[in-house]
Amino acid sequence: MSMSCKLRAGIIGATGMVGQRLITLLHDHPYFEISALAASARSAGVSYKEAVDGRWKMKTELPADIGEMTVTDAADIAAMKEKCDFVFCAVNMKKADILAMEEAYAKAEIPVVSNNSANRWTPDVPMVIPEINASHLEVIESQRKRLGTKKGFIAVKPNCSIQSYVPMLTPLLKYGIKEVVVTTYQAISGSGKTFKEWPEMIDNLIPFISGEEEKSQLEPLRIWGTVDGDCVKAAEEPKISVQCLRVPVTDGHTAAVFVNFENKPTKEQIIEDWKNFKGEPQELGLPHAPEQFVTYFEEDNRPQAALDRDIYGGMGVTAGRLREDVNYDYKFVGLSHNTLRGAAGGAVLIAELLYRKGYLN
C-alpha cells in the first residue's frame with residue numbers, strides 16, 4: 001500500500017501514556033499514517049517533542065518526525081478534520097466532557113476509536129474485543145442514523161482488566177458457565193504511571209482501583225451480548241464477581257479465575273478450545289493480530305508478567321495453571337499486556353478491523 005493510500009490517523013490525548021503507546025504502534029503502520037497529534041489547550045501550538053519533554057514513557061525512542069509535529073488543540077475539531085480521516089481518543093477528562101467531545105468528532109464525520117470508558121455503555125456504540133465480538137460493529141449503522149452522519153461514528157475498546165480472563169472464558173461459554181470469581185493483579189501502567197512517578201507502589205499492593213471492579217464485572221456481559229435492533233443488548237449470564245488489586249508490576253494484568261459449569265468439560269477439552277480460539281483478526285491477517293490468540297503454558301510457574309506479557313508483540317493473551325478446585329470445577333491464571341492488548345494495541349486492532357470491513361473509507 002503506497003503512502004498516498006494510507007488513511008490519516010489523528011491521536012487525541014497524544015501526550016498521555018496510551019497516546020504515546022499509540023504513536024509507537026502507528027509509526028510505519030501499513031494502513032495508517034499519523035497525521036495529527038492533539039492534546040489539551042496548554043500543550044497546543046508547541047512541537048510534540050516539547051510537549052512530552054521529560055515525560056516520554058516508552059522504552060523506544062520518540063520517532064524524530066513525530067517529535068517535530070505541532071500539537072493541535074483537541075477542542076479545535078475543524079483543524080483536526082482537515083488533517084484526519086479518523087481519530088484515536090485516549091484522554092484524561094471528566095466523563096461528560098469525553099462524551100460531548102467524542103460525539104462532536106463523530107458528528108463532524110470523523111470516526112472515533114476510543115480508549116475511554118465514557119461511551120462503553122452507549123447502547124449503539126460497539127465495545128469490541130475484535131476476536132470475540134466483531135459482529136457488534138453492525139450497530140454502527142444505527143448509530144450513524146441517530147447521529148445523522150454518513151461516515152462519523154464511535155467505536156470503543158473495553159477495560160484493560162477484562163482482557164486477562166474474558167478471552168479464556170469465551171470459548172467455554174458453550175459448556176454453560178454458571179459462576180465466575182476473578183481476582184485481578186493490575187500493573188501500575190494501568191493508571192498511566194511509572195515507578196518513578198509513583199514511588200508509593202514500590203514494595204506495596206493496594207487493594208482498590210476506583211471503578212475497576214464494576215467495569216470488570218459488567219463489561220464482559222456487554223462483550224458477550226448481541227446486536228438487537230438499534231442497540232447492543234448485554235448478556236445476563238454468567239454473573240462475574242471480581243476484586244481488583246494494584247501490584248508493583250510495570251506492565252501486564254494477571255487474573256486468578258475460578259469457574260463452575262453446567263456441563264463440566266475435561267481439562268483437555270478446555271486446553272483444546274483455547275488453542276483453537278481465533279476470530280476475524282486472525283482470518284483477515286490484520287497487522288496487529290496475534291497469530292495465536294490464547295497461548296497455554298504447561299509449566300506451573302507461567303504465565304509471568306515479566307516473561308510473557310510481550311507475546312506476539314503484547315497482543316496475545318496467555319493462560320496457565322488450569323486445574324480442578326475443591327469449591328469450583330476449575331481454576332486458572334490469565335495474563336494480558338494492559339497497555340498493548342488492553343489499551344492502545346486493542347484500539348489499533350479495532351481500527352484495522354474497521355478499515356478492512358469498510359467502515360473508515
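Owing to the predicted nature of the structure, the values given are computational and were not obtained by experimental measurement.
Tracing side-chain contacts under 4.5 Å through hydrophobic residues (I, L, V, M, F, W, Y), one never reaches Leu307 starting from Val333; they form parts of separate clusters. Residues Ile154 and Leu137 do not share a hydrophobic cluster, defined by chaining ILVMFWY side chains whose heavy atoms lie under 4.5 Å apart. Criterion: ILVMFWY side-chain heavy atoms under 4.5 Å apart, direct or through other members. Under it, Leu172 and Val180 are part of a common hydrophobic cluster. Follow the hydrophobic side-chain contacts under 4.5 Å out from Leu286 and you reach Val128 in the same cluster. Criterion: ILVMFWY side-chain heavy atoms under 4.5 Å apart, direct or through other members. Under it, Val166 and Val156 are part of a common hydrophobic cluster.
Pairing each heavy atom of Met168 with each of Pro171, the nearest pair is O-CD, 3.4 Å. Scanning both residues, Val294 and Ala319, for their nearest heavy atoms gives CG1-CB, 4.4 Å. The minimum heavy-atom distance between Pro303 and Gly320, with the atom names listed, is CD-N, 3.6 Å. Closest approach of Leu340 to Gly313, counting heavy atoms only: CD1-O, 3.6 Å. Minimum heavy-atom separation, Met315 to Gly346: CE-N, 4.1 Å. Shown here for Ala255 and Val182, the closest heavy-atom pair between the two residues is CB-CG1, 4.0 Å.
Between the side chain of Gln304 and the backbone N or O of Asn301, at least one donor-acceptor pair lies under 3.5 Å. When atom types are taken as modelled, the side chain of Thr226 and the backbone of Asp228 share no donor-acceptor pair closer than 3.5 angstrom. At distances below 3.5 Å, at least one donor-acceptor pair connects side-chain atoms of Glu109 with backbone N or O atoms of Lys151. The closest donor-acceptor contact from the side chain of Trp198 to the backbone of Ile202 lies at 3.5 Å or more, if one exists at all. A donor-acceptor pair is defined here as one N or O able to donate and one able to accept, closer than 3.5 Å; no such pair exists between the side chain of Lys239 and the backbone of Glu179. No donor-acceptor pair under 3.5 Å is formed between the side chain of Asn116 and the backbone N or O of Ala118. Side-chain atoms of Thr266 come within 3.5 Å of backbone N or O of Gln269 as a donor-acceptor pair. Under the 3.5 Å distance criterion, the side-chain polar atoms of Asp325 are left unmatched by any main-chain donor or acceptor of Lys331.
One finds a salt bridge joining Lys49 and Glu68 here, because a Lys/Arg side-chain nitrogen approaches an Asp/Glu carboxylate oxygen to under 4.0 Å. With respect to the salt-bridge test (charged N to carboxylate O, under 4.0 angstrom), the residues Arg321 and Glu298 do not qualify. Between Glu280 and Lys357, at least one side-chain nitrogen of the basic residue sits less than 4.0 Å from a carboxylate oxygen of the acidic one, meeting the salt-bridge criterion. Under a 4.0 Å N-O distance rule, the pair Lys174/Asp273 qualifies as a salt bridge. Ion pairing of Arg146 with Glu103 is present here, as a side-chain N (NZ or NE/NH1/NH2) and a carboxylate O approach within less than 4.0 Å.
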- Query: Could you walk me through whether Asp251 and Ser189 pass the side chain to side chain donor-acceptor pair (under 3.5 Å) check?
  - Reply: CA-CA 6 Å; Asp251 295 304; Ser189 56; 2.7 Å; yes
- Query: Between Lys267 and Glu272, does a salt bridge (charged side-chain N to carboxylate O under 4.0 Å, His left out) hold up when you go through it step by step?
  - Reply: CA-CA 9 Å; Lys267 184 178 168 178; Glu272 194 62 18; over 6 Å; no
- Message: Go through it in stages, so that I can follow the logic: the residues are Glu268 and Lys275, the test is salt bridge (charged side-chain N to carboxylate O under 4.0 Å, His left out), and I'd like the CA-CA distance, side-chain angles, deciding distance and then a yes or no.
- Response: CA-CA 11 Å; Glu268 291 67 33; Lys275 195 174 131 193; over 6 Å; no
- side-chain contact (heavy atoms from CB on, under 4.5 Å) assessment of Leu99 paired with Lys95: CA-CA 6 Å; Leu99 283 170; Lys95 183 179 172 174; 4.2 Å; yes
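Atoms CG and OG, on Leu335 and Ser164 in that order, are 7.5 Å from each other to the nearest 0.5 Å. Between the CE atom in Met201 and the CD1 atom in Ile188 there is a gap of 6.5 Å [rounded to 0.5 Å]. Separation of atoms CD1 (Ile177) and CG (Leu169) is listed at 4.5 Å; rounding is to 0.5 Å. In this structure, the separation between CZ on Arg246 and CD1 on Ile206 is 8.0 Å, given to the nearest 0.5 Å. Distance CE/Met17 to CG/Asn92: 12.5 Å, rounded to 0.5 Å.
At a cut-off of 3.5 Å, with distance as the only test, no side-chain donor of His337 or Asp308 sits close to an acceptor on the other residue. One side chain, Ser161 or Asn159, offers a donor N or O that lies under 3.5 Å from an acceptor on the other. Inspection of the Gln186 and Thr184 side chains reveals an N or O donor paired with an N or O acceptor under 3.5 Å. Checked by atom type, the side-chain pair Gln243/Glu213 shows no donor-acceptor distance below 3.5 Å. Between Tyr31 and Arg356, the side chains place a donor N or O and an acceptor N or O closer than 3.5 Å (distance only, hydrogens not considered).
Between His136 and Met127 the shortest side-chain heavy-atom distance does not fall below 4.5 Å. Side-chain contact between Val125 and Glu102: absent, with no pair of heavy atoms (C-beta onward) separated by less than 4.5 Å. Contact check for Val242 versus Thr183: no side-chain heavy atoms found under the 4.5 Å cut-off. Considering only heavy atoms from C-beta on, Asn260 stays 4.5 Å or farther from Tyr330 through its side chain. Residues Tyr355 and Asn361 have side chains in contact (heavy-atom distance under 4.5 Å, counting atoms from C-beta outward). Inter-residue side-chain proximity for Leu353 and Pro130 is flagged as met; some heavy-atom pair is nearer than 4.5 Å. At a threshold of 4.5 Å between non-hydrogen side-chain atoms, the residues Ile12 and Met101 count as touching. Looking at Cys231 and Ser142, their side chains never come closer than 4.5 Å, going by heavy atoms from C-beta outward.
Contacts of Tyr328 classified as ring pair (Phe, Tyr, Trp, His ring centres under 6.0 Å), with partners at least two apart in sequence or in another chain: Phe258.
Applying the side chain to side chain donor-acceptor pair (under 3.5 Å) test to every pair with at least one member in residues 13-23, sequence neighbours left out, gives these pairs: Arg21-Thr339. For the side chain to side chain donor-acceptor pair (under 3.5 Å) condition, the pairs that include at least one residue of residues 286-296, sequence neighbours left out, are His288-Glu352.
The aromatic rings of Phe32 and His29 lie parallel to each other, with less than 30° between the two planes, well short of the 60° mark.
Think of Tyr185 as one node in a network of Ile, Leu, Val, Met, Phe, Trp and Tyr side chains linked at under 4.5 Å; its network also takes in Leu205, Leu245, Val247, Val249. Taking Ile, Leu, Val, Met, Phe, Trp and Tyr as hydrophobic and joining them when side-chain heavy atoms fall under 4.5 Å apart, one finds Val232 in a cluster with Val139, Val227.
Heavy atoms from other residues, nucleotides or ligands lying under 6.0 Å from CD of Glu197 number more than 12.
Tested against Phe293 for a side chain to side chain contact (heavy atoms under 4.5 Å, CB included), the candidates Thr170, Ile129, Asn276 yield a single pass: Ile129.
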All N/O donor-acceptor pairs, side-chain side in residues 80-87, below 3.5 Å, sequence neighbours left out:
| unit_1 | atom_1 | unit_2 | atom_2 | d |
| --- | --- | --- | --- | --- |
| Lys81 | NZ | Ala108 | O | 2.9 |
| Lys83 | NZ | Thr72 | OG1 | 2.9 |
| Asp85 | OD1 | Arg8 | NH2 | 3.3 |
| Asp85 | OD2 | Arg8 | N | 2.7 |
| Asp85 | OD2 | Arg8 | NE | 3.4 |

